[in-house]
Structures are given as structure tokens and as C-alpha cells.
Amino acid sequence: MAKGKENGQIMIQTKKLIHFYISQYEMQARRKQKRPGNLTDLEGRAARVWRTLKGARPSRVSSNVLEDYHKQIKNIMYFAVRRQREKVLKMVREDMIPKLIQLDLGLLLPQQRDALNGEFLAFLQRQMPGAICSKPLFVLYPRYVHFQLESKILDLVPTRPELEFPEALEMKRHFILHIGPTNSGKTFQALERLKLVNRGAYLGPLRLLALEVYERMMDFGVPCTMLTGQECIEEPDSRVTASTIEMADLDEQYEVAVIDEAQMMADPERGHSWTRAILGLKAQEIHVCSSPTAEEVLKHLIELCGDTYEIHRYERKTKLVFEDKPFEFPDDVRKGDALITFSKKSVLDVAGRLEECDVNTSIIYGSLPPEIRRRQMRLFTSGKTKVVVSTDAIGMGLNLPVERIIFLQADKFDGTDRRPLKTGEIKQIAGRAGRYGIYDTGYITAMGEDELDYIREKYAEPELPIEKVSLGFPQVLLDLDEPMDDILKVWHSVAPSAPFEKENVDEALFLYELAYKVKGQIEDFDNKRMLYRMITCPIDIKDKRVVDLWLDYCRTYSADVSLPKPRLERRGWQGILQYETYYKQLDLYYQFSQRMGKIIDEKWLKREREKTEANIMRYLTKGKADYIARCPYCGRPLPLGYPYRACEECRRELRSMR
């Protein structure tokens, strides 16, 4: 093997590699094995292995077969050393190991072969002694790359995450923690302070909450700008910016900032945005609104930064009472009810059944466009609809005049498994009952005796305090030479100090893999900072048409000053889904344009959003009966919460036909 240079290191010579292999095999042979077995015909076995090796070709040997060769030679070397069989030892040293190295190198990519150097051998000797006797280079080299990248990451990123924000550390900020359950007025008190300042910020989890704060500030006569991932409503001479948490500006100086729903910093998907704001926001006075579960971890973060804090505690302003009897659907429905289920399909199913009973219904679920959610809330608030049917999206700060919360289910699918509801989830949702200023008491019930018992029992349990907070990816790592996916994976694998845990990077890796397949068509694929903007663009990766448009934008964004506009694909059988997908595509058009510095046709976008919102509202106002779960064979409605696709009678018939 010739000498070459890679990254300033001299590529290793074959002679040195052979010497390393032999020394490792001999070292392992001198160690006592737990169950060495008994090799009676050592010479015959060695000859057979050598014949197999001699006929092997690198292009036809898999990693598993090669691993087996390593282990067989290890076994032969063990007995040859123990029995002092010089002839066999000579065959291993002079024939088998050189051939094994040839096969090992043949399985590597050219750039991997060129990068083998003394540092790699030193890593194996120090970190993985004897590993070469049972694993091929194809397996060991990636571990070396991982080790190197991990070392670089540890050099670049401080072991204490708060040190990533030196300007905030120097400020000696003061935190006011507003700690209390839902319906306790904690956010109201923080906003009362915000409206008095000349330069302030509100950071919340939802566009609807940012819009609510924007409107409240404007009503107070405080010029306010609203900034979210979907839009920007800018007022001249703004004193306050109301944003979603992801839009927090850590370069801006504020007098006062309000961070809402801070218990969400434990969320593996979005929580890092709350952690980032708490550690890095440059404001002299920061009001943090949270449930009691996050109090201890909030105090810990503040102390890590060397800042001061005070705590204001709040009690719920209205009573919460569990009803004695389980809810009967639809007979027990009354004005002011919120019926809770945990999927969009179930929400539309329940709303369709209520529509057939002449019960006007508002609908709320996560993938509903924010403006539609707002309109549905207004219909309920104004009394034009009698009840609201919602997923757990109702629990996140949505202020509705709900008197009673009804759990139609006591379990949910969380993306991985179907599991019972947790105490915190139940309290967050149940707390929306009994809106202060409208009702003196809120009521909670559930459909089914067992479900009501479970909800009542879990609600009575104390919530476990949050022990982990999510930590975001540090973009300084984008300056490393390694591939983006390796950087993300290795960064995520390095455990941070308590109480931090790394954000989930699965969606970013999923989008990276899609982009990698067409990297030749993406102009800035090798520019990691541009690529990172692309793969962290928030989209619904479960919607294929949205993902397809995202990939088109990755390939074509550099072709013009603006992005191609998405088009509505009309598919009658998809009903409301086609409009929801189109709305997501409009959001993607805006967000991708913002990230990549493209010109946005604001008038067209506003017009298309309004038309799409009107179409979605049309489906939600009338025609919900189309979404009632029915038996595909006889067409009869299935019982609410029924676990099978076909009704019981049709299932019996199908079984009898088998």
C-alpha cells in the first residue's frame, strides 16, 4: 500500500498495519478465555480456514462473513500460542493476517482507506483493545469517526449550556416566577406589567396566544407587533413584540419579557425553545408563567445563570367538581360543554353525530389552521355553537367559556403507543372547565364508569416535578467538516449535564436523508448553515404532499428571487383534508421564503389563505356527518369509541363465511 496524505496525516503502511494486527491477535491469545473449547485438529482447521480466505474476494465478502473470519483466526491463534505450534503461527502471521487485511480494506470506501493512520491505530489500542480480533475495519472505522467527532463537539460546545449565552450571563437578570394551575390568572398578572414598558416581548406556545396578546396590547393603546412562523403584523413605533417562542430574538435588548407555559421546556420536540429563551433572553426583568411542576427546575436554571428570582404563587379562581355519574352520549350534552377526544378523526366523528342531533358544534384540533381555530372559538364564545369538540389542543392556554370538560376517552395514541392519560395531561385539560368571570364552578366527567374512576383517581394524584429540560442544537457545530447527519447524531448521543437532555433530531434527520438522495440538485447542499435552515423548517412530515413541496423548494429555491407558489390539488374524495394540506403548503411557502431570503407575494398569500380558510369553515359548518365512523359493509354508524372497522353484526357474518 502506497503512502498518501489525508488531513495532514500520513496514510498507514501495509507493514505497520500487519504488525498491529499480529500484536493484537497475540495479546488476545495470551488472555485466558472463559470457554475456549477444544480444537483437536489445529493444523487441519488452520489449513481449511486459509483455503477459504485465499479464495475470498473483497467484492464478494459481506461484513458478517468478514467478522466470522476475524473470529476464526482469533480462535486458531489462541490454540497455536497455547500449544506452541510454530507452523500454524507462521501461517497466521505471514498468510492469514495479510489476506484478512486485504479483505478488510476492500470493504472500505476509498476516502476511508486513505484516512487510516497512526491515530486510528492508537484509538483502537487505547479505547478498544483486541476489537480488531473480532470486528472488521468496516465496523471499527465508523466508531473512530464517532469518537473524533465527539471530541470536536466537546471542544466547541461548553459542557454547561448556560455558557453559550455570555451576554445574558453578564446582565444579572431578575426573574419573576408566576406559578399556578390553569385558570389562576398568572399570565394576566405578567401581561399587566408588560403593557407598562417601552421595550418588551411576549413569548408563548401558540400563534393564537401571540395574537391574543397583540390584540390586548393594541386595546390598551400599546403599539405591538405580532411575529410568528406564519406571519408578521408590524405596527409602527411598537413597544411590545408578541411572538411564538421559536421566534425569540436573543440579540434584542428588552426591559421586560414574558415567557408563557414554561413547563413545556420538558417537551422533546419544542422544549428547547423555552430553555433557550430562559438561558439567553437579554431582558432586565423576565416574567415566567408556569405550572407548579416546573418550579424547581426553573429555579435551578436561574441559579445556573447567577440571576435572581422571586416567586408569585396563584390558586385556581373557580372550584372544580367531579360529577357522580358518567356521561351518556349524546343525551347528556348541554350548553358550555367541551367534549375531549384525542385524534382529528374522532373529533370530526363526534361533531358529525352531534350535528345529526341538531347540536351546533365548534371544533378544535392541532392541524387546524390557527385562523380557523380562532373562528371556531369565536362561534363558541358568542353562543352560536352550543358545545366544543376538541383534542388536547384545548389545554394549551385557549381561553374558552367552558363549564364542563368531558373526557370521551381515558387513553391516547402518543405517536408510538396507545397509553392511559397522565396526571399532568388530565389536569391541563380539566383545568379549562369553569372559566373565571363566567362560571363559579367547573365540572369534570367522563364517558364510562371505569373512565370516570380513572380520571378522578389520576386528577387527585400529585404531579411529578419536571426533572429534565430540552436543549437545542448549537449551530456553532455547523462549522465542522463532517457530514450534517453525523454531526446531528453524534451531538445527540453525547449526554449533557443535568437537568438538560438533547432535543429530538429525528425529523431533521428524516428531511436530511430526503435531501441527500438528490444532493446533486441542491445548490447549497455542502453549505451546512443553509442546509440546516432547510431541514429545520417546521413542516408536517406525515403529509406527503407537503414534504414533496419542501423537497421541490430545496432543489429550486436558488433559481429565482421568489419561490414557486403552491397550487391547490382538488381531490373531491379528500374533503377537508385537501384544504388543510394546501394551507400547510401556504405556510411552507412563507416559512421557506423567510429562511432563504426570498421575496414573498404577501397579497397573493393573504388572498389564498382567506379562500382556504373559507373552504375549511364551510366543511366545519355543515357536512360533518360525512365524517361519522360507519361500517364499510352495511353503512350503519358505529358506536362511539368502537374499536373495530366493521359493526358487530357484519363481523359475525364475515367470521361465519371463513
Side-chain angles (χ1 to χ4, degrees), residues 182-183 320-368 372-373 375-381 383-396 398-413 420-421 425-435 438-439 441-456 458-459 576 619-621 624-629 637-643:
T182 53
N183 253 325
L320 266 184
V321 176
F322 273 88
E323 295 188 341
D324 296 328
K325 295 180 180 178
F327 174 80
E328 293 286 337
F329 182 89
D331 300 341
D332 291 346
V333 169
R334 65 180 188 232
K335 185 175 175 60
D337 280 348
L339 292 81
I340 308 301
T341 185
F342 294 96
S343 73
K344 168 183 163 181
K345 185 178 179 181
S346 297
V347 166
L348 292 170
D349 177 16
V350 172
R353 293 169 195 265
L354 290 173
E355 187 179 90
E356 287 201 330
C357 299
D358 294 324
V359 177
N360 292 331
T361 307
S362 285
I363 288 173
I364 296 172
Y365 51 83
S367 62
L368 208 57
I372 299 299
R373 274 196 256 181
R375 292 189 198 179
Q376 290 289 307
M377 289 165 62
R378 279 180 174 170
L379 290 173
F380 182 65
T381 302
K384 291 180 180 176
T385 55
K386 183 177 179 180
V387 301
V388 59
V389 184
S390 176
T391 62
D392 46 0
I394 199 174
M396 191 47 62
L398 298 183
N399 295 314
L400 292 167
V402 171
E403 183 179 19
R404 180 171 63 163
I405 290 287
I406 301 155
F407 289 88
L408 298 180
Q409 298 171 250
D411 60 357
K412 66 180 284 190
F413 181 73
L421 294 175
E425 294 167 334
I426 291 169
K427 288 189 174 183
Q428 187 76 21
I429 296 167
R432 295 296 156 196
R435 173 78 184 276
I438 300 175
Y439 303 106
T441 304
Y443 297 93
I444 309 165
T445 188
M447 191 172 74
E449 192 78 51
D450 292 343
E451 285 77 8
L452 180 56
D453 288 344
Y454 176 80
I455 296 291
R456 184 187 289 114
K458 297 303 287 185
Y459 185 87
I576 194 173
Y619 274 94
L620 295 182
T621 304
K624 292 189 282 288
D626 293 341
Y627 295 98
I628 296 173
L638 299 172
L640 189 64
Y642 188 70

Exercise for the section: Kindly indicate, with the supporting measurements, whether the criterion side chain to side chain contact (heavy atoms under 4.5 Å, CB included) is fulfilled by T341 and V347. Expected result: CA-CA 6 Å; T341 185; V347 166; 3.5 Å; yes
Practice task
Taking the side chain as every heavy atom from C-beta outward, state whether N183 and N399 have any pair of such atoms under 4.5 Å apart.
Solution key: no
Handout entry: Heavy-atom side-chain contact between T391 and K344 under 4.5 Å
Key = no
Exercise for the section: State, with a plain yes or no, whether a side-chain heavy atom of L620 is found less than 4.5 Å away from one of R375. Expected result: no
Practice task
Using modelled atom types only, decide if a donor and an acceptor are shared between the side chain of R404 and the backbone of Y443 within a distance under 3.5 Å.
Solution key: no
Residues 449-456, side-chain donor-acceptor partners within the protein, below 3.5 Å, at least two apart:
{"residue": "D453", "atom": "OD1", "partner": "R456", "partner atom": "NH1", "Å": "3.3"}
{"residue": "Y454", "atom": "OH", "partner": "L421", "partner atom": "O", "Å": "2.6"}
{"residue": "R456", "atom": "NH2", "partner": "E323", "partner atom": "O", "Å": "3.0"}

Handout entry: Nearest non-hydrogen partners of I426 and K458, listed with the distance
Key = CD1-CB, 3.5 Å
Handout entry: From CD1 (I364) to CG (L400), nearest 0.5 Å
Key = 5.0 Å
Practice task
Answer whether the closest heavy-atom distance between the side chains of L408 and F327 falls below 4.5 Å.
Solution key: yes
Handout entry: Straight-line distance of I406 CD1 to T445 OG1, nearest 0.5 Å
Key = 7.0 Å
Problem - Under 3.5 Å: donor-acceptor pair, side chain of S346, backbone of F342 - result: no
Exercise for the section: For residues Y619 and D626, determine if any side-chain heavy atom of one lies less than 4.5 Å from a side-chain heavy atom of the other. Expected result: no
Exercise for the section: Could you check if a side-chain atom of I363 sits within less than 4.5 angstrom of a side-chain atom of K624, using non-hydrogen atoms only? Expected result: yes
Problem - Any Q428 side-chain heavy atom under 4.5 Å of D392 side chain - result: no
Exercise for the section: Kindly say whether V388 contributes a backbone atom to a donor-acceptor pair with the side chain of S362 at under 3.5 angstrom? Expected result: no
Problem - Contact check, side chains of F329 and L339, non-hydrogen atoms, under 4.5 Å - result: yes
Problem - Cationic tip of K427 above Y459 ring, under 6.0 Å, 45° of axis - result: yes
Problem - Distance, nearest 0.5 Å, that separates CZ of F380 from NZ of K335 - result: 7.0 Å
